[in-house]
Amino acid sequence: MSKRKPPKVTETRTGPLGCSNYDNLDSVSSVLVQSPENKIQLQDEFKFFMKRLPMNYFLNTSAIMHLWTMDSNFQHRYEQLETSMKQLFFKAQKIVYKLFSLSKRCHKQPLISLPRQRPQSYWLNRIQAFLYCNENGLLGSFSEETHSCTCPNDQVACLGSLPCIVGDGSSCLTCAPDNRTRCGTCNTGYMLSQGLCKPEVADSTEHYIGFETDLQDLEMKYLLQKTDRRIEVHAIFISNDMRLNSWFDPSWRKRMLLTLKSNKYKSSLVHMILGLSLQICLTKNSTLEPVLAVYVNPFGGSHSESWFMPVNENSFPDWERTKLDLPLQCYNWTLTLGNKWKTFFETVHIYLRSRIKSNGPNGNESIYYEPLEFIDPSRNLGYMKINNIQVFGYSMHFDPEAIRDLILQLDYPYTQGSQDSALLQLLEIRDRVNKLSPPGQRRLDLFSCLLRHRLKLSTSEVVRIQSALQAFNAKLPNTVDYDTTKLCS
């Protein structure tokens with residue numbers, strides 16, 4: 001005798017919400033809700049939940065799920081439904097086994113359908129369909145990926161108006177009250193244009209501070225090689241250790257500086273250094289070798305607020321020496337920065353030391369001694385003089401009062417949105433100033449130096465402004481802030 005096969009059992013998706021729209025919920029599966037009272041209560045809970053949903057902005061499934069979990073009554077009713085389904089499914093299984101035992105002698109096996117609970121995602125999509133694909137008495141299905149509706153019989157009559165999308169990950173903050181399909185206000189970093197939010201771009205900062213020059217790289221290199229006076233910045237020479245065009249004993253370190261005194265004489269300008277040139281002469285047969293160390297102060301302040309030029313380190317330019325056709329041993333020492341290494345300067349500090357060049361034990365190498373370490377009194381150290389020092393670069397427009405006005409708008413904005421506009425412009429100025437920082441693992445905070453010494457702000461004011469800029473920058477889309485090294489106190 002052949003073995004008896006069990007009856008074929010299939011699962012059918014049924015649920016409590018078989019209605020066509022949430023204003024007329026009449027068809028609820030009798031398999032799941034047995035009593036009319038349960039059916040009416042479930043329909044009412046669903047209608048109340050739908051009416052409590054916000055209609056002034058678009059709801060994705062995550063937002064609907066959040067509102068679902070926050071609605072205690074609706075959540076309780078759904079849990080009751082889950083419990084009821086489990087009980088019904090257990091009863092249905094018992095009936096199936098009874099039918100199986102009764103149908104042993106039947107010629108045709110029964111086809112038994114058992115209800116299966118729909119997943120929560122089904123109801124979330126169903127709610128979206130009621131909200132956005134429920135026009136003209138037609139209920140379609142909604143696709144969140146394409147923001148479109150699939151209507152019955154391939155029509156488009158069920159598609160309603162889709163509200164704008166708001167939230168932290170969106171550019172829009174709120175939809176327009178008179179037209180929910182368009183944005184009314186934008187998140188930080190965006191500007192409203194014809195109902196759409198577009199990334200906000202800072203207005204030109206050239207009104208506040210200039211950065212560019214018309215000189216191209218080749219033209220600039222040629223002018224620097226010729227030490228052309230058209231790119232010479234006239235600075236004040238100061239030194240207590242020596243005088244220009246006078247011989248001096250080079251055994252001791254000499255300190256000198258070139259400064260512009262911009263706050264006193266050139267308050268409407270900032271200055272960019274492109275190169276430095278010195279003409280150094282030695283007496284005949286001198287064995288001295290000049291050694292130069294250069295420090296640059298960007299916007300003023302004390303010497304401790306200067307940075308050291310890493311000459312001939314990590315691809316930074318080196319001094320170029322050119323012998324001059326003079327009776328003495330005279331050389332032009334030129335350091336060319338060009339567009340690649342240009343930076344702000346207010347004062348250039350130069351330290352001149354001397355070392356003595358001597359042949360090594362093998363004859364093919366040179367050994368350098370400090371003059372005080374060289375104890376042979378018969379050796380002629382000679383004398384040294386500096387004929388001239390020139391700083392090459394250019395000056396740019398600078399309006400400290402206009403920048404102070406921008407800073408004032410952080411606390412007292414003129415109009416709605418002017419505070420964000422001021423922050424954007426200050427961010428642009430900060431980044432462009434710090435971008436001209438000297439080479440190093442981290443950029444120097446030149447912007448704070450500008451605020452301290454050219455705008456004469458206090459340390460606490462500078463800290464407050466920097467904190468406001470960092471907080472604002474963190475809210476902007478697709479931006480990454482950078483760490484800087486403090487230079488000015």
Side-chain angles (χ1 to χ4, degrees), residues 13-29 32-33 38-82 85 117-187 192 195-197:
R13 291 180 180 270
T14 61
L17 307 178
C19 48
S20 58
N21 62 58
Y22 58 87
D23 289 322
N24 185 19
L25 303 175
D26 294 329
S27 57
V28 179
S29 175
L32 296 179
V33 185
N38 284 344
K39 176 179 178 180
I40 294 172
Q41 289 177 1
L42 193 59
Q43 287 178 346
D44 290 342
E45 280 299 339
F46 185 74
K47 284 195 289 187
F48 292 151
F49 174 71
M50 290 292 299
K51 290 178 179 179
R52 287 192 294 268
L53 293 178
M55 303 293 290
N56 58 337
Y57 60 88
F58 177 77
L59 295 174
N60 57 20
T61 52
S62 298
I64 296 173
M65 186 64 206
H66 174 71
L67 295 170
W68 181 321
T69 55
M70 296 297 292
D71 193 318
S72 58
N73 292 331
F74 193 71
Q75 183 76 5
H76 178 65
R77 176 61 63 184
Y78 186 77
E79 290 172 356
Q80 284 183 332
L81 175 62
E82 285 184 316
M85 276 293 302
Q117 184 180 5
R118 289 186 171 100
Q120 207 167 40
S121 59
Y122 170 84
W123 300 116
L124 297 175
N125 292 331
R126 189 76 169 172
I127 290 171
Q128 283 185 321
F130 287 134
L131 290 172
Y132 309 126
C133 305
N134 191 24
E135 294 293 318
N136 301 316
L138 298 173
L139 179 64
S141 59
F142 182 76
S143 171
E144 190 169 321
E145 292 182 359
T146 61
H147 273 241
S148 60
C149 295
T150 303
C151 301
N153 302 323
D154 295 329
Q155 299 181 13
V156 293
C158 71
L159 176 62
S161 59
L162 295 179
C164 70
I165 301 174
V166 301
D168 293 336
S170 170
S171 58
C172 185
L173 181 62
T174 60
C175 299
D178 56 338
N179 185 354
R180 65 175 187 164
T181 64
R182 300 168 71 87
C183 189
T185 56
C186 301
N187 280 315
L192 187 66
L196 300 175
C197 292

List in chain and number order the residues that pass side-chain hydrogen bond (donor to acceptor under 3.5 Å, both in side chains) with S143, two or more places apart in sequence or in another chain; answer none if no residue qualifies.
T146
Is there a side-chain contact between W68 and L124 (heavy atoms, below 4.5 Å)?
yes
Rounded to the nearest 0.5 Å, the OG1 atom of T174 sits from the OH atom of Y57 at a distance of 11.5 Å
What distance separates L159 CG from N134 CG, expressed to the nearest 0.5 Å?
11.5 Å
Heavy-atom nearest pair, E135 first then G160, reads CG-CA, 3.5 Å
Straight-line distance of L138 CG to C149 SG, nearest 0.5 Å:
11.0 Å
Evaluate whether the separation between SG of C164 and SG of C175 stays below 2.5 angstrom.
yes
Would you say that I127 contacts M50 through its side chain, given a criterion of any heavy-atom pair below 4.5 Å between the two side chains?
yes
Should Y132 and L59 count as side-chain neighbours, where that means a heavy-atom distance under 4.5 Å?
yes
Main chain of T61, side chain of E144: is a donor-acceptor contact present, judged purely on distance under 3.5 Å?
yes
Can you list every salt bridge (Lys or Arg N to Asp or Glu O under 4.0 Å) pair that touches residues 57-73, not counting sequence neighbours?
R52-D71
Less than 2.5 angstrom apart at the SG atoms, yes or no, for C183 and C172?
yes
Cys pair C158, C151: SG separation below 2.5 Å
yes
Pairing residues for F49 by the ring pair (Phe, Tyr, Trp, His ring centres under 6.0 Å) criterion, not counting sequence neighbours
F74
Given side chains that start at C-beta, do those of F130 and L139 come closer than 4.5 Å, heavy atoms only?
yes
What's the separation between atom CH2 in W123 and atom CD1 in I64, rounded to the nearest 0.5 Å?
14.0 Å
NE2/H147: more than 12 non-hydrogen atoms of other groups inside 6.0 Å
yes
Going by heavy atoms in the side chains, are S161 and N179 under 4.5 Å from each other?
no
